[in-house]
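Note that ligands are numbered from 1 as they come in the structure, with each ligand's atoms numbered from 1 the same way. Atom set for the values below is all heavy atoms of this structure, side chains included, hydrogens, waters and symmetry mates excluded. Heads up: numbering here begins at 1 and tracks the sequence.
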Amino acid sequence: MNTPIESVKNYVLLGPPGSGKSTQATKLKEKLHLAHVDVGSELRRLAESETELGKRIHEVINVKKELVSDGLIGCVVEHVLKGIKSDTGVLVDGAPRRISQVDEVEQALALHERKIAKVIFLDLSLEEAVKRISIRFLCLKCKKPFIKQEVMSLICDQCGGEIGQRQDDTPDGVAKRYEVFMAETRPVIEYFEEQRMLLRIDARMLPDEIFEILMKKLA
Ligand code: AMP
């Protein structure tokens, strides 16, 4: 195994659906010049392909609303890391989400001489998560996020694509994903807390407030 480069900081971002991971990821990437390893988006992209693998992933993430198998996560992280320069820190967004994925992710990072510096956890209640998701829209083409109040037409002002909601963003879908988060990902949070690597952030605040606190905690 290669020795991690200490000066390059790599972070993991975790949180239940609706906790504002994408918003904070965008801000973190810009401020700290990180490359984004967005596991959920990679999986949703694969789920749109007409391949056997794509259909299987679609069934798990959009129909059953469960987590995909662990082996795939290591491969996705490894695949994305291959395209990132070694002197650039990364933000792994959405993995590990099961305790059995901790090794997978750490090994994928270690193959690229990286290790996790901190795990950022955006903490939000189920009630708040359902409220947030019901107003969450996005451009189905370029993925630009919108909130309901901003959607004046169903055409994206950035790329002209159609605006809609994620297939798994129904109230039932959120409740199911939240339940999965509590059952499967809470042990991961507890593990990193024991390792003193966890930064727990109250995600009920406004995005800019959350980011300010996050930056103070990272300093
Ligand atoms: P997200 O965009 O992070 O909400 O992820 C969308 C969906 O992809 C999740 O609801 C899961 O079905 C799947 N997924 C994302 N990350 C993981 C992971 N680390 N392990 C297993 N499944 C995942």
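- Summarising the local packing, CZ of Arg166 is surrounded by more than 12 heavy atoms from other residues, nucleotides or ligands at distances under 6.0 Å.
- For the pair Asp208 and Lys27, the salt-bridge criterion is met [side-chain N within less than 4.0 Å of a carboxylate O].
- Lys55 places no side-chain N or O within donor-acceptor distance of the main-chain N or O of Ser49, the cut-off being under 3.5 Å.
- Using a heavy-atom distance under 4.0 Å as the criterion, the protein contacts of ligand 1 are Lys21, Val39, Gly40, Leu43, Arg44, Ile61, Glu66, Leu67, Val68, Ile73, Gly94, Ala95, Arg97, Gln101, Arg166, Arg177.
- Between Arg136 and Asp169 there is a salt bridge, with a side-chain nitrogen of the basic residue lying less than 4.0 Å from a carboxylate oxygen of the acidic one.
- If you check the side chains of His79 and Glu42, you find no donor sitting under 3.5 Å from an acceptor.
- Glu48 is linked by a salt bridge (charged side-chain N to carboxylate O under 4.0 Å, His left out) to Lys143, counting only residues two or more places apart in sequence or in another chain.
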